[in-house]
Amino acid sequence: QVQPVESGGGSVQAGGALRLSCAASGRTLSNYAMGWFRQAPGKEREFVAAINWSGSITNYADSVKGRFTISRDNAKNTVYLQMNNLKPEDTAVYYCAASRSAGYLLGRGYDYWGQGTQVTVSS
């Protein structure tokens with residue numbers, strides 16, 4: 001089974017940018033659709049973005065559309081989340097996950113999860 005591993009989190013000021021990466025140990029990520037999720041303190045985990053196996057189809061939560069971009073490089077076995085114009089409400093632990101479900105674009109059917117990386121945006 002695939003084991004996602006996130007990196008790239010950190011602390012930035014509002015308006016700044018970060019790029020998260022998700023690599024994998026075990027099987028290749030190209031066999032899976034991939035998604036990014038986040039969980040803020042005291043809140044439920046929420047869907048952020050998803051991408052199909054080839055990178056040709058993506059979907060985003062309304063709260064991040066126009067600011068975040070999900071992409072993948074299957075040759076490097078890595079998925080990315082470019083986050084621009086960050087806001088304090090983007091503060092959360094960000095998780096990368098892998099799916100073989102038809103519902104992946106809506107944030108459903110993710111079976112393999114990373115440990116998460118913290119993103120903190122200060123005002």
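The minimum heavy-atom distance between Ser123 and Ala14, with the atom names listed, is CA-CB, 4.3 Å. Between Ile51 and Ser71, the shortest heavy-atom distance links the atoms CD1-CA, 3.6 Å. For Arg45 against Phe37, the heavy-atom pair with the smallest separation is CG-CB, 3.9 Å. The two residues Val2 and Ala24 make their nearest non-hydrogen contact at CG2-CB, 3.6 Å.
Under the 4.5 Å side-chain criterion, counting only non-hydrogen atoms from C-beta, Thr120 is in contact with Gln118. With a 4.5 Å cut-off on side-chain heavy atoms, Val119 and Thr91 do not count as touching.
The main-chain N or O of Gly15 is never found under 3.5 Å from a side-chain atom of Asn85 such that the two would form a donor-acceptor pair. Judged purely by atom type and a 3.5 angstrom limit, Glu6 uses its side chain to pair as donor or acceptor with the backbone of Gly116. The closest donor-acceptor contact from the side chain of Ser63 to the backbone of Ala61 lies at 3.5 Å or more, if one exists at all. Here the side chain of Arg72 pairs a donor or acceptor atom with the backbone of Trp53 at under 3.5 angstrom. Of the possible donor and acceptor atoms, none in the side chain of Asn74 sits under 3.5 Å from a partner among the backbone N and O of Asn77.
Relative to the ring axis of Tyr95, Arg38 does not place its NZ or CZ within 45° and under 6.0 Å from the centre.
Sorted by first and then second residue, the pairs that involve residues 16-96 and meet disulfide (SG to SG under 2.5 Å), not counting sequence neighbours, are Cys22-Cys96. For residues 28-73, no pair satisfies disulfide (SG to SG under 2.5 Å), with sequence neighbours left out.
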Evaluate the criterion side chain to side chain contact (heavy atoms under 4.5 Å, CB included) for residue pair Leu29 and Met34; output intermediate values, then yes/no.
-> CA-CA 8 Å; Leu29 287 179; Met34 300 297 296; 3.7 Å; yes

Run the side chain to side chain contact (heavy atoms under 4.5 Å, CB included) check on Leu86 and Gln13 step by step: do they pass?
-> CA-CA 8 Å; Leu86 282 161; Gln13 291 190 329; over 6 Å; no

Please assess Tyr80 against Arg19 for the test side chain to side chain donor-acceptor pair (under 3.5 Å), listing each intermediate value before the final yes or no.
-> CA-CA 7 Å; Tyr80 304 98; Arg19 188 177 78 159; 4.8 Å; no

When you look at Arg67 and Asp90, which way does the side chain to side chain contact (heavy atoms under 4.5 Å, CB included) test go after all the steps?
-> CA-CA 11 Å; Arg67 300 188 298 122; Asp90 294 319; 2.7 Å; yes

Should Ser30 and Thr28 be marked as a side chain to side chain donor-acceptor pair (under 3.5 Å) after you check the CA-CA gap, both sets of side-chain angles, and the distance that decides it?
-> CA-CA 5 Å; Ser30 62; Thr28 174; 3.0 Å; yes

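Using a 4.5 Å cut-off between side-chain heavy atoms of Ile, Leu, Val, Met, Phe, Trp and Tyr, with links allowed through other members, Val12 and Leu81 fall into the same hydrophobic cluster. Hydrophobic clustering (side-chain heavy atoms under 4.5 Å, transitive across Ile, Leu, Val, Met, Phe, Trp, Tyr) groups Phe47 together with Trp113. Linking ILVMFWY side-chain heavy atoms closer than 4.5 Å, directly or via other members, places Leu20 and Ile70 in a single hydrophobic cluster.
Gln115 CD: 12 or fewer foreign heavy atoms inside a 6.0 Å radius.
A tilted orientation is assigned to the rings of Phe68 and Tyr94, their planes being inclined by 30° to 60°.
A donor atom on one side chain and an acceptor atom on the other are found under 3.5 Å apart for Ser56 and Ser54.
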Could you give the side-chain donor-acceptor pairs of residues 102-112 under 3.5 Å, partners two or more places apart or in another chain?
{"from": "Tyr110", "atom 1": "OH", "to": "Tyr104", "atom 2": "O", "distance (Å)": "2.8"}

